[in-house]
2 protein chains.
Amino acid sequence: MTGIRRLAQHLDISIGTVSRALNGRPDVNEETRRKVLEAATELGYVPNQSGRSLRQGTTNIIGFMMQTGTEITGQGDTFFMSVFDGVQTVFARHHLDLVALLCSSEEDPDDYLRRVVARGFADGLILSATQRHDPRFEFLATRKIPFVTLGRSLTDVGQPWLDLDFEGMAQTSIDRLVAKGHRRIAVTRPHDDVNLGHLFVDQSAKALAAHGLALDPGLIFSSKPNEAGGYHVAQQLLTMKDRPTAILLVNETIAIGFYRGLSEAGLKPGRDIAVIGRQSPQSHFLSPSLTGFTLSRRDLGIALAEALLATMPAFSHFYPDVEPRKVWPEDLVEGESDAFSLPT
Amino acid sequence: MTGIRRLAQHLDISIGTVSRALNGRPDVNEETRRKVLEAATELGYVPNQSGRSLRQGTTNIIGFMMQTGTEITGQGDTFFMSVFDGVQTVFARHHLDLVALLCSSEEDPDDYLRRVVARGFADGLILSATQRHDPRFEFLATRKIPFVTLGRSLTDVGQPWLDLDFEGMAQTSIDRLVAKGHRRIAVTRPHDDVNLGHLFVDQSAKALAAHGLALDPGLIFSSKPNEAGGYHVAQQLLTMKDRPTAILLVNETIAIGFYRGLSEAGLKPGRDIAVIGRQSPQSHFLSPSLTGFTLSRRDLGIALAEALLATMPAFSHFYPDVEPRKVWPEDLVEGESDAFSLPT
DNA sequence: CATAGTCCCGTAAACGTTTACGGTGGCCGA
DNA sequence: TCGGCCACCGTAAACGTTTACGGGACTATG
């Protein structure tokens with residue numbers, strides 16, 4: 001005799017009642033419910049997830065898909081981890097388990113997702129590293145699997161998303177730099193087709209246009225979103241005749257490499273070039289201090305989880321008024337890296 | 001009519017035969033098996049994992065537990081990801097799904113593991129960030145859950161493990177540095193109780209002793225295993241009166257921060273101090289080039305997976321002669337960072 | 001022809017839940 | 001007294017598999 005049956009026998013009660021008691025159904029006497037819960041802890045009963053899944057066609061698992069090709073992050077080691085933390089705290093409240101689905105760099109993300117879905121692995125998914133055109137969206141939509149994405153895409157199947165505020169970042173950065181007399185402003189973007197890069201470049205161009213300036217295509221640097229990428233950007237920049245006087249770094253970690261590349265040539269951010277980037281735990285150790293945007297990654301994760309739950313019928317009533325799509329605000333932390341200004 | 005039943009009906013055959021055909025049982029006519037497989041792809045049948053799990057008490061999932069407190073890695077962003085890749089390729093052969101279980105920095109790893117196990121989540125586990133004394137081992141052993149650890153521990157319940165070759169690294173490093181005239185050799189270690197730190201320090205002391213030298217306790221630097229940690233180590237080192245002339249960096253990423261900390265004070269690895277570390281994708285962009293150890297992370301992952309499977313009854317016959325415990329060799333890549341030598 | 005053996009297949013139970021359905025007993029109002 | 005309602009509980013089916021068991025058809029052997 002195992003499982004719920006054992007509990008029932010021990011209490012001389014039917015298994016139906018035990019199940020109802022454990023699941024918080026209303027049609028069970030509070031006194032018997034108390035006894036059931038007591039016996040459950042006493043006997044160390046934990047419900048069998050397979051049985052439950054089989055019966056109600058739900059796994060209680062949410063998957064957070066990341067790609068190792070982007071070095072799990074592309075935003076610095078801790079970025080996704082903090083977001084993950086936030087997501088996890090929300091799901092824990094609903095007894096949902098969160099796991100990370102790491103798609104190898106050698107496997108096609110679309111194939112990987114197909115496998116995950118075919119297996120009926122998760123009740124819902126969180127997607128990151130969203131591409132400019134992302135086939136995964138349509139796939140999940142036709143399978144009617146709830147999902148939310150961290151990052152917009154041109155592909156739109158009506159799913160909720162959260163994203164960074166590239167418009168805001170570009171605008172305040174550009175305004176700030178133009179006010180300091182800069183005209184030749186460079187911009188970095190990840191080398192792959194992740195949508196983030198497109199957005200940031202577009203918004204930067206827009207912000208420049210507001211000042212009657214154009215974004216020089218020669219000043220758009222594609223790089224891997226990691227330290228090495230930043231280092232390369234610096235090297236490219238050093239070889240230019242008509243060097244930009246300011247640069248925007250969209251990814252977090254590349255600032256590290258960029259600083260190093262610069263310093264090897266004897267250049268210094270804030271003195272020889274104005275740099276605006278994104279804050280990260282690592283960037284606090286940069287010198288001169290980085291002027292950059294910051295956001296609460298944990299809160300971002302929480303919002304991501306809530307947006308997903310709001311679309312899942314079983315949980316939506318908990319989150320009646322969640323904005324399904326939202327651009328996440330960032331604050332600018334002023335440092336010394338953009339102190340460099342030009343006479344006007 | 002759903003699932004296997006639908007297939008059976010479509011072929012006018014019993015569900016038992018269908019199941020046997022799909023699972024590669026011998027007692028089924030090859031001709032009917034062919035038909036079944038054909039129909040399966042035609043109808044897009046995929047077995048329901050819940051049903052299967054319920055029946056045979058197995059989930060076909062392997063969990064790779066990592067901790068976000070150590071910034072998923074503590075070894076640099078890509079370390080675990082490459083290992084993960086290797087593990088995944090092995091498991092894919094056996095139709096096992098690998099997921100990452102990320103324990104939040106705010107949650108106790110032991111509690112987290114308890115939850116995972118109670119839920120019956122995985123058939124097997126891979127543990128990383130092994131502590132010097134690790135309660136998780138005993139817990140899993142009593143629950144009879146197959147697991148393998150990346151890293152040794154003083155806690156030993158007979159489980160297989162793989163680990164880095166700290167003895168080898170310490171010995172070749174020390175020998176090399178002593179041969180260059182160094183006597184005051186510093187060592188870094190992670191600030192927490194992860195076993196790796198203890199081992200590396202111990203082995204370094206042993207290697208020094210072989211030359212009649214002692215490891216000065218004042219030359220053991222505890223640091224976070226990331227860039228910031230390396231930066232701090234450099235800062236600490238700079239304030240010392242009797243500075244060491246050489247240093248061993250056990251973690252991969254800390255070299256980055258260490259270099260930066262040094263260069264801010266006008267010091268240079270290889271000229272003012274000898275540095276030996278560990279190679280990483282990022283370290284290739286260090287200048288002067290790093291002398292450091294390297295290993296095939298992917299192969300490490302493969303070995304890890306095989307070690308686990310060898311202990312699981314259902315798979316052990318595939319891996320009859322896998323060494324259950326193994327120290328993973330590393331090669332030294334010579335760079336310029338340890339060029340600094342002393343007159344003897 | 002009888003017997004044993006082999007190959008293949010069908011039947012049905014079992015895994016641990018959830019839940020629709022119906023039933024019992026008590027209470028209340030007419 | 002009786003019908004109806006309510007609160008609570010028991011029964012049993014269902015979810016989709018796997019697998020032990022047995023049986024039928026055929027072949028080989030005596």
Side-chain angles (χ1 to χ4, degrees), chain A residues 1-37 39-40 43-61 94-97 117-121 123 313-314, chain B residues 1-37 39-40 43-61 94-97 117-121 123 313-314:
Chain A
M1 195 67 66
T2 61
I4 210 173
R5 216 154 241 116
R6 197 161 93 90
L7 223 50
Q9 174 174 299
H10 181 254
L11 292 167
D12 197 27
I13 220 181
S14 85
I15 61 167
T17 305
V18 174
S19 174
R20 279 188 292 262
L22 292 173
N23 291 25
R25 288 289 146 94
D27 55 345
V28 49
N29 190 307
E30 281 306 322
E31 171 62 12
T32 57
R33 186 195 306 279
R34 195 189 54 71
K35 281 195 207 149
V36 169
L37 291 178
L43 300 189
Y45 167 78
V46 306
N48 178 302
Q49 182 60 37
S50 300
R52 182 176 281 184
S53 294
L54 180 59
R55 174 61 215 244
Q56 48 190 21
T58 175
T59 65
N60 274 2
I61 299 179
H94 301 284
H95 300 286
L96 289 168
D97 290 317
V117 169
R119 200 179 179 307
F121 194 90
D123 293 346
Chain B
M1 196 65 67
T2 60
I4 211 174
R5 219 154 240 116
R6 197 161 94 89
L7 265 187
Q9 175 174 298
H10 180 255
L11 292 167
D12 197 26
I13 219 180
S14 84
I15 60 167
T17 306
V18 174
S19 174
R20 280 188 291 262
L22 292 172
N23 290 24
R25 288 287 148 94
D27 55 347
V28 49
N29 190 306
E30 281 306 323
E31 171 62 14
T32 57
R33 186 196 307 279
R34 195 189 52 71
K35 281 195 208 150
V36 169
L37 292 177
L43 300 190
Y45 167 79
V46 305
N48 178 301
Q49 182 59 39
S50 301
R52 183 176 278 183
S53 295
L54 180 59
R55 176 59 218 244
Q56 48 190 21
T58 173
T59 65
N60 274 3
I61 298 178
H94 301 284
H95 301 285
L96 289 168
D97 290 317
V117 169
R119 202 181 177 306
F121 194 88
D123 293 345

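In what follows, chains are A, B, ... by sequence order, proteins preceding strands, each numbered from 1.
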Side-chain contact check for B/N48: nearest option of C/dT17, D/dT17, C/dA20 is D/dT17
Contacts of B/R33 and B/G51 projected onto DNA chain C by closest heavy atom; the upstream (5') one is B/R33
Touch class at under 4.0 angstrom, heavy-atom based, for [X] against every strand present:
{"X": "A/T32", "result": "sugar-phosphate"}
{"X": "A/V46", "result": "sugar-phosphate"}
{"X": "A/I13", "result": "sugar-phosphate"}
{"X": "B/G16", "result": "base"}

Distance test, side-chain N/O of [X] to OP1/OP2 of [N], below 4.0 Å:
{"X": "A/T2", "N": "C/dG16", "answer": "yes"}
{"X": "A/T17", "N": "D/dC9", "answer": "no"}
{"X": "A/Q56", "N": "D/dC15", "answer": "no"}
{"X": "B/S50", "N": "D/dG16", "answer": "no"}

Quiz item: Does a sphere of radius 6.0 Å around CZ in A/R6 hold more than 12 heavy atoms from other residues, nucleotides or ligands, not counting ones at 6.0 Å or beyond?
Solution: no
note: A/N29, atom CG; D/dC6, atom P; distance rounded to Å ~ 18 Å
Considering only heavy atoms and no angle criterion, is a donor-acceptor pair shorter than 3.5 Å present between the side chain of B/R20 and the base of C/dG10? yes
d(B/L54 CG, B/N48 CG) to nearest 0.5 Å is 10.0 Å
